[in-house]
Amino acid sequence: MNATTTRGTLLAALACVLVGGSFTANSVLGDYPYAGGQFLRYGLACLVLVPLAGKGATARLRTLAPRQWVRLALLAAVGMVGFNLAVIAAERTAEPAVPGVFVGCAPVVVAVLVPLLDGRRPQRAVLYGALLVAVGACTVQGWGRTDGAGIAFSVCALAGEVGFAVLAVPVLRPLGPRLLSATVCAVAALESAAAGLLVDGAGWLRRPDAVETSALLWQAVVVTVVGFVCWYMGMQRIGAERATLFSGLIPVTAACTAPLVGTGSYGLAQAAGSALVGLGVALGSGALTRTVSTRGEPGAAREWRSPKQDGDHDRAEAGRQ
(Lines give C-alpha, C1' and ligand atoms only; values in the text may rest on other atoms or scores of the structure.)
Protein backbone atom coordinates (compact mmCIF):
# COMPACT_ATOMS: atom_id res chain seq x y z
CA MET A 1 0.00 0.00 0.00
CA ASN A 2 1.12 3.59 -0.59
CA ALA A 3 0.85 6.30 2.07
CA THR A 4 -2.51 7.59 0.84
CA THR A 5 -4.08 4.12 0.84
CA THR A 6 -2.66 3.32 4.28
CA ARG A 7 -4.04 6.52 5.78
CA GLY A 8 -7.42 5.92 4.17
CA THR A 9 -7.52 2.36 5.49
CA LEU A 10 -6.71 3.42 9.04
CA LEU A 11 -9.23 6.27 8.99
CA ALA A 12 -12.07 4.08 7.69
CA ALA A 13 -11.25 1.38 10.24
CA LEU A 14 -11.21 3.88 13.13
CA ALA A 15 -14.56 5.33 12.06
CA CYS A 16 -16.24 1.92 12.04
CA VAL A 17 -14.69 0.90 15.35
CA LEU A 18 -16.13 4.06 16.93
CA VAL A 19 -19.58 3.30 15.52
CA GLY A 20 -19.41 -0.28 16.79
CA GLY A 21 -18.43 0.91 20.25
CA SER A 22 -21.37 3.34 20.31
CA PHE A 23 -23.91 0.55 20.72
CA THR A 24 -23.34 0.78 24.47
CA ALA A 25 -24.39 4.42 24.38
CA ASN A 26 -27.51 3.49 22.39
CA SER A 27 -28.57 1.03 25.10
CA VAL A 28 -29.06 3.82 27.67
CA LEU A 29 -31.15 6.02 25.36
CA GLY A 30 -34.08 3.62 24.99
CA ASP A 31 -36.44 5.89 26.98
CA TYR A 32 -35.36 9.14 25.38
CA PRO A 33 -37.48 10.50 22.47
CA TYR A 34 -35.82 9.31 19.29
CA ALA A 35 -36.20 12.48 17.23
CA GLY A 36 -35.13 14.69 20.10
CA GLY A 37 -32.03 12.60 20.69
CA GLN A 38 -31.09 12.75 17.01
CA PHE A 39 -31.66 16.52 16.99
CA LEU A 40 -29.35 17.03 19.97
CA ARG A 41 -26.73 14.64 18.62
CA TYR A 42 -26.49 16.09 15.13
CA GLY A 43 -27.07 19.69 16.22
CA LEU A 44 -24.19 19.57 18.72
CA ALA A 45 -21.98 17.79 16.19
CA CYS A 46 -22.67 20.53 13.64
CA LEU A 47 -21.69 23.24 16.15
CA VAL A 48 -18.39 21.45 16.78
CA LEU A 49 -17.70 20.83 13.09
CA VAL A 50 -18.44 24.32 11.73
CA PRO A 51 -15.23 25.92 13.07
CA LEU A 52 -13.28 22.95 11.65
CA ALA A 53 -14.74 23.25 8.16
CA GLY A 54 -11.83 25.40 6.95
CA LYS A 55 -11.56 28.67 5.05
CA GLY A 56 -13.94 29.31 2.22
CA ALA A 57 -16.63 26.98 3.56
CA THR A 58 -19.44 29.40 2.78
CA ALA A 59 -18.15 29.96 -0.74
CA ARG A 60 -17.97 26.20 -1.37
CA LEU A 61 -21.55 25.77 -0.17
CA ARG A 62 -22.72 28.53 -2.51
CA THR A 63 -21.24 26.73 -5.51
CA LEU A 64 -23.42 23.67 -4.95
CA ALA A 65 -26.14 23.09 -7.52
CA PRO A 66 -29.74 22.47 -6.40
CA ARG A 67 -29.44 18.77 -7.26
CA GLN A 68 -26.42 18.54 -4.93
CA TRP A 69 -28.46 20.04 -2.08
CA VAL A 70 -31.15 17.46 -2.81
CA ARG A 71 -28.48 14.77 -2.57
CA LEU A 72 -27.32 16.15 0.80
CA ALA A 73 -30.91 16.13 2.07
CA LEU A 74 -31.31 12.52 0.93
CA LEU A 75 -27.98 11.57 2.52
CA ALA A 76 -29.11 12.94 5.89
CA ALA A 77 -32.64 11.51 5.58
CA VAL A 78 -31.67 8.05 4.32
CA GLY A 79 -28.20 7.42 5.71
CA MET A 80 -28.57 9.08 9.12
CA VAL A 81 -32.10 9.77 10.40
CA GLY A 82 -33.79 7.07 8.30
CA PHE A 83 -31.16 4.45 9.05
CA ASN A 84 -31.54 4.84 12.82
CA LEU A 85 -35.34 4.87 12.56
CA ALA A 86 -35.30 1.69 10.47
CA VAL A 87 -33.12 -0.13 13.01
CA ILE A 88 -35.41 0.89 15.88
CA ALA A 89 -38.53 -0.12 13.92
CA ALA A 90 -36.99 -3.47 12.96
CA GLU A 91 -36.11 -4.28 16.57
CA ARG A 92 -39.76 -3.88 17.63
CA THR A 93 -40.62 -7.22 16.03
CA ALA A 94 -37.19 -8.73 15.36
CA GLU A 95 -34.18 -9.55 17.47
CA PRO A 96 -31.31 -7.05 17.07
CA ALA A 97 -29.22 -9.57 15.12
CA VAL A 98 -31.70 -9.49 12.21
CA PRO A 99 -31.13 -5.87 11.08
CA GLY A 100 -27.46 -6.41 11.92
CA VAL A 101 -27.23 -9.25 9.42
CA PHE A 102 -28.84 -7.16 6.67
CA VAL A 103 -26.62 -4.16 7.38
CA GLY A 104 -23.64 -6.52 7.27
CA CYS A 105 -24.40 -7.08 3.58
CA ALA A 106 -23.76 -3.40 2.76
CA PRO A 107 -20.17 -4.00 1.57
CA VAL A 108 -21.44 -6.38 -1.12
CA VAL A 109 -24.08 -3.94 -2.37
CA VAL A 110 -21.64 -1.01 -2.41
CA ALA A 111 -18.93 -3.11 -4.11
CA VAL A 112 -21.34 -3.71 -7.00
CA LEU A 113 -23.34 -0.47 -7.06
CA VAL A 114 -20.58 2.17 -6.92
CA PRO A 115 -18.58 0.81 -9.89
CA LEU A 116 -21.75 0.40 -11.97
CA LEU A 117 -22.79 4.01 -11.27
CA ASP A 118 -19.27 5.06 -12.25
CA GLY A 119 -19.48 3.18 -15.55
CA ARG A 120 -16.98 0.44 -14.73
CA ARG A 121 -17.00 -3.21 -13.73
CA PRO A 122 -16.79 -4.24 -10.05
CA GLN A 123 -13.30 -5.22 -8.95
CA ARG A 124 -13.09 -8.93 -8.31
CA ALA A 125 -10.87 -8.66 -5.21
CA VAL A 126 -13.12 -6.04 -3.61
CA LEU A 127 -16.25 -8.08 -4.35
CA TYR A 128 -14.75 -11.29 -2.93
CA GLY A 129 -13.54 -9.38 0.12
CA ALA A 130 -17.01 -7.87 0.60
CA LEU A 131 -18.59 -11.33 0.50
CA LEU A 132 -16.18 -12.54 3.21
CA VAL A 133 -16.93 -9.46 5.32
CA ALA A 134 -20.69 -10.04 4.99
CA VAL A 135 -20.40 -13.71 5.97
CA GLY A 136 -18.15 -12.79 8.88
CA ALA A 137 -20.52 -10.09 10.12
CA CYS A 138 -23.45 -12.51 9.97
CA THR A 139 -21.42 -15.12 11.86
CA VAL A 140 -20.58 -12.64 14.61
CA GLN A 141 -24.20 -11.62 15.10
CA GLY A 142 -26.00 -14.87 14.34
CA TRP A 143 -29.69 -14.83 13.40
CA GLY A 144 -32.76 -14.17 15.50
CA ARG A 145 -36.54 -14.33 15.52
CA THR A 146 -38.35 -11.96 13.18
CA ASP A 147 -41.45 -11.44 11.06
CA GLY A 148 -42.26 -9.74 7.77
CA ALA A 149 -42.18 -6.25 9.26
CA GLY A 150 -38.82 -6.92 10.91
CA ILE A 151 -37.33 -8.06 7.61
CA ALA A 152 -38.83 -5.10 5.72
CA PHE A 153 -37.40 -2.55 8.14
CA SER A 154 -34.07 -4.41 8.14
CA VAL A 155 -33.95 -3.99 4.35
CA CYS A 156 -34.59 -0.27 4.90
CA ALA A 157 -31.66 -0.20 7.33
CA LEU A 158 -29.47 -1.82 4.67
CA ALA A 159 -30.57 0.86 2.20
CA GLY A 160 -29.65 3.53 4.73
CA GLU A 161 -26.18 2.08 5.28
CA VAL A 162 -25.57 1.88 1.53
CA GLY A 163 -26.94 5.38 0.99
CA PHE A 164 -24.60 6.84 3.61
CA ALA A 165 -21.66 5.89 1.37
CA VAL A 166 -23.09 6.05 -2.16
CA LEU A 167 -24.95 9.36 -1.85
CA ALA A 168 -21.84 11.07 -0.48
CA VAL A 169 -19.54 10.24 -3.41
CA PRO A 170 -20.43 13.16 -5.76
CA VAL A 171 -20.45 15.83 -2.99
CA LEU A 172 -17.33 14.69 -1.15
CA ARG A 173 -14.94 16.23 -3.64
CA PRO A 174 -16.38 19.81 -3.70
CA LEU A 175 -17.01 19.99 0.05
CA GLY A 176 -14.29 17.86 1.63
CA PRO A 177 -14.79 15.56 4.65
CA ARG A 178 -15.15 18.21 7.36
CA LEU A 179 -17.55 20.54 5.57
CA LEU A 180 -19.57 17.61 4.25
CA SER A 181 -19.90 16.22 7.78
CA ALA A 182 -20.94 19.60 9.18
CA THR A 183 -23.50 20.16 6.43
CA VAL A 184 -25.21 16.77 6.64
CA CYS A 185 -25.32 17.06 10.44
CA ALA A 186 -27.10 20.41 10.15
CA VAL A 187 -29.57 18.97 7.65
CA ALA A 188 -30.12 15.85 9.79
CA ALA A 189 -30.80 18.00 12.87
CA LEU A 190 -33.46 19.97 10.98
CA GLU A 191 -35.02 16.79 9.62
CA SER A 192 -35.06 15.24 13.10
CA ALA A 193 -36.78 18.30 14.56
CA ALA A 194 -39.41 18.23 11.81
CA ALA A 195 -40.02 14.50 12.31
CA GLY A 196 -40.26 14.94 16.08
CA LEU A 197 -42.81 17.74 15.87
CA LEU A 198 -44.85 15.77 13.35
CA VAL A 199 -44.85 12.45 15.21
CA ASP A 200 -44.42 13.28 18.92
CA GLY A 201 -45.74 16.82 19.11
CA ALA A 202 -44.68 18.83 22.16
CA GLY A 203 -43.05 15.78 23.74
CA TRP A 204 -40.41 15.36 21.03
CA LEU A 205 -37.69 16.97 23.15
CA ARG A 206 -36.97 16.93 26.88
CA ARG A 207 -34.04 17.60 29.14
CA PRO A 208 -31.85 14.46 29.33
CA ASP A 209 -30.67 13.13 32.67
CA ALA A 210 -27.00 12.73 33.55
CA VAL A 211 -26.61 9.28 31.97
CA GLU A 212 -28.48 10.27 28.82
CA THR A 213 -26.42 13.44 28.56
CA SER A 214 -23.19 11.45 28.69
CA ALA A 215 -24.45 9.06 26.00
CA LEU A 216 -25.57 11.92 23.73
CA LEU A 217 -22.25 13.72 24.17
CA TRP A 218 -20.38 10.53 23.26
CA GLN A 219 -22.50 10.04 20.16
CA ALA A 220 -22.21 13.67 19.09
CA VAL A 221 -18.54 14.38 19.72
CA VAL A 222 -16.84 11.01 19.33
CA VAL A 223 -19.04 8.93 17.03
CA THR A 224 -20.39 11.74 14.82
CA VAL A 225 -17.66 14.40 14.74
CA VAL A 226 -14.61 12.13 14.86
CA GLY A 227 -16.28 9.14 13.23
CA PHE A 228 -17.88 10.98 10.30
CA VAL A 229 -14.77 13.01 9.47
CA CYS A 230 -12.56 9.92 9.64
CA TRP A 231 -15.04 7.97 7.51
CA TYR A 232 -15.21 10.54 4.73
CA MET A 233 -11.45 11.18 4.84
CA GLY A 234 -10.93 7.45 4.45
CA MET A 235 -13.50 7.22 1.66
CA GLN A 236 -11.82 10.14 -0.11
CA ARG A 237 -8.54 8.23 -0.18
CA ILE A 238 -9.55 4.64 -0.92
CA GLY A 239 -12.98 4.94 -2.56
CA ALA A 240 -16.46 4.10 -1.33
CA GLU A 241 -16.40 0.36 -2.11
CA ARG A 242 -13.16 -0.27 -0.22
CA ALA A 243 -14.09 1.98 2.70
CA THR A 244 -17.41 0.17 3.15
CA LEU A 245 -15.52 -3.08 3.69
CA PHE A 246 -14.63 -1.77 7.11
CA SER A 247 -18.29 -1.59 8.15
CA GLY A 248 -17.79 -5.28 8.99
CA LEU A 249 -15.80 -4.03 11.99
CA ILE A 250 -18.97 -2.53 13.47
CA PRO A 251 -20.53 -5.84 14.68
CA VAL A 252 -17.07 -7.13 15.60
CA THR A 253 -16.42 -4.13 17.84
CA ALA A 254 -19.92 -4.37 19.30
CA ALA A 255 -19.36 -8.05 20.09
CA CYS A 256 -15.99 -7.33 21.70
CA THR A 257 -17.31 -4.52 23.90
CA ALA A 258 -20.62 -6.15 24.87
CA PRO A 259 -19.08 -8.35 27.62
CA LEU A 260 -17.56 -5.26 29.24
CA VAL A 261 -21.02 -3.95 30.11
CA GLY A 262 -22.71 -7.32 30.60
CA THR A 263 -24.93 -7.17 27.51
CA GLY A 264 -23.45 -10.11 25.62
CA SER A 265 -20.70 -12.66 25.37
CA TYR A 266 -17.78 -13.30 23.06
CA GLY A 267 -17.49 -16.93 22.03
CA LEU A 268 -16.28 -19.20 19.26
CA ALA A 269 -18.79 -17.91 16.69
CA GLN A 270 -17.76 -14.31 17.34
CA ALA A 271 -14.08 -15.22 17.04
CA ALA A 272 -14.64 -17.09 13.76
CA GLY A 273 -16.73 -14.24 12.36
CA SER A 274 -14.12 -11.68 13.38
CA ALA A 275 -11.45 -13.70 11.55
CA LEU A 276 -13.58 -13.79 8.38
CA VAL A 277 -14.16 -10.04 8.57
CA GLY A 278 -10.43 -9.45 8.97
CA LEU A 279 -9.63 -11.69 6.01
CA GLY A 280 -12.26 -10.02 3.84
CA VAL A 281 -11.00 -6.54 4.69
CA ALA A 282 -7.41 -7.56 3.97
CA LEU A 283 -8.37 -9.11 0.63
CA GLY A 284 -10.66 -6.35 -0.55
CA SER A 285 -8.48 -3.45 0.58
CA GLY A 286 -5.42 -4.86 -1.16
CA ALA A 287 -3.43 -5.50 2.01
CA LEU A 288 -2.67 -9.04 0.80
CA THR A 289 -1.12 -7.73 -2.41
CA ARG A 290 2.66 -7.64 -2.19
CA THR A 291 3.28 -4.80 -4.59
CA VAL A 292 0.97 -1.90 -5.27
CA SER A 293 1.79 0.80 -7.76
CA THR A 294 2.29 4.21 -6.19
CA ARG A 295 -0.15 5.58 -8.72
CA GLY A 296 -2.92 3.26 -7.51
CA GLU A 297 -5.15 0.89 -9.44
CA PRO A 298 -7.23 2.49 -12.21
CA GLY A 299 -10.71 3.31 -10.94
CA ALA A 300 -10.00 2.08 -7.40
CA ALA A 301 -8.66 4.36 -4.68
CA ARG A 302 -8.85 7.44 -6.92
CA GLU A 303 -12.07 6.66 -8.67
CA TRP A 304 -13.06 10.28 -9.24
CA ARG A 305 -9.61 11.99 -9.45
CA SER A 306 -6.60 11.68 -11.67
CA PRO A 307 -3.18 11.27 -9.99
CA LYS A 308 -2.41 14.95 -10.67
CA GLN A 309 -5.71 16.08 -9.14
CA ASP A 310 -5.08 13.82 -6.17
CA GLY A 311 -1.67 15.34 -5.58
CA ASP A 312 -3.07 18.88 -5.93
CA HIS A 313 -5.81 18.00 -3.47
CA ASP A 314 -3.37 16.59 -0.90
CA ARG A 315 -1.20 19.72 -1.15
CA ALA A 316 -4.26 21.95 -0.71
CA GLU A 317 -5.36 19.93 2.31
CA ALA A 318 -1.90 20.22 3.83
CA GLY A 319 -1.98 23.98 3.30
CA ARG A 320 -5.28 24.32 5.15
CA GLN A 321 -4.12 22.28 8.15
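Residue numbers start at 1 and run along the sequence shown. Everything quoted here is computed from the prediction, not taken from an experiment.
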For residues 169-216, the ring-ring contact (aromatic ring centres under 6.0 Å, His included) pairs (sequence neighbours left out) are F39-W204
Hey, could you give me the [atom1]/[atom2] distance between [X] and [Y], rounded to the nearest 0.5 Å?
X	Y	atom1	atom2	answer
C230	L18	SG	CG	7.0 Å
Q38	L216	CD	CG	9.0 Å
Q219	R41	CD	CZ	4.5 Å
Y128	L283	OH	CG	9.5 Å
W231	M235	CH2	CE	7.0 Å

My understanding is that only residues two or more places apart in sequence, or in another chain, count here; which of them pass side-chain contact (heavy atoms from CB on, under 4.5 Å) with [X]?
X	answer
L180	L72, L75, A168, V171, L172, L175, V184, Y232
L47	none
V70	L74

Taking the side chain as every heavy atom from C-beta outward, state whether [X] and [Y] have any atom pair closer than 4.5 Å.
X	Y	answer
L61	W69	yes
T224	V48	no
L217	L44	yes
Q123	R242	yes
T9	F246	yes
V114	R120	yes
F228	P177	no
L205	L40	yes

Kindly give the heavy-atom pair with the smallest separation between [X] and [Y], and that separation in Å.
X	Y	answer
V110	P115	O-CD, 3.7 Å
Y32	G37	CE2-N, 3.4 Å
A111	A130	CB-CB, 4.1 Å
V277	A137	CG2-N, 3.6 Å
A86	A157	CB-N, 3.6 Å
E161	A106	CG-CB, 3.5 Å

Kindly determine whether L131 and V135 satisfy side chain to side chain contact (heavy atoms under 4.5 Å, CB included), including the steps that lead there.
-> CA-CA 6 Å; L131 289 169; V135 172; 5.5 Å; no
CA sep, side-chain torsions, deciding dist, call: V229, L49, side chain to side chain contact (heavy atoms under 4.5 Å, CB included) = CA-CA 9 Å; V229 173; L49 284 164; 3.6 Å; yes
With [X], which residues qualify under side-chain hydrogen bond (donor to acceptor under 3.5 Å, both in side chains), at least two apart?
X	value
T183	none
D209	none
T213	none
T139	none

Same apolar cluster: [X] and [Y], side chain cutoff 4.5 Å:
X	Y	result
V109	L117	yes
M233	L10	no
Y42	L167	yes
V226	W218	yes

F153 vs F102, ring-ring contact (aromatic ring centres under 6.0 Å, His included): CA-CA, chis, key distance, verdict = CA-CA 10 Å; F153 283 117; F102 277 87; over 10 Å; no
Donor-acceptor contacts under 3.5 Å from residues 191-201 side chains, at least two apart:
residue	atom	partner	partner atom	Å
E191	OE1	A77	N	3.1
S192	OG	A188	O	2.8

If you look only at pairs with a residue in residues 62-82, which of them pass as a salt bridge (Lys or Arg N to Asp or Glu O under 4.0 Å), with sequence neighbours excluded?
-> none
Sequence neighbours left out, what pairs pass salt bridge (Lys or Arg N to Asp or Glu O under 4.0 Å) with at least one residue falling in residues 212-230?
-> R206-E212
Any donor and acceptor pair, going by atom type alone, linking the side chain of T244 with main-chain N or O of E241 inside 3.5 Å?
-> no
Under 3.5 Å, side chain of Q68 to main-chain N/O of A65, donor-acceptor pair present?
-> yes
Kindly indicate, with the supporting measurements, whether the criterion side chain to side chain contact (heavy atoms under 4.5 Å, CB included) is fulfilled by T6 and R237.
-> CA-CA 9 Å; T6 301; R237 287 164 170 79; over 6 Å; no
Excluding V103, membership of its hydrophobic cluster (Ile, Leu, Val, Met, Phe, Trp, Tyr; side-chain heavy atoms within less than 4.5 Å) reads F83, V87
Residue pair S274, V140: steps toward the side chain to side chain contact (heavy atoms under 4.5 Å, CB included) verdict = CA-CA 7 Å; S274 300; V140 168; 4.1 Å; yes
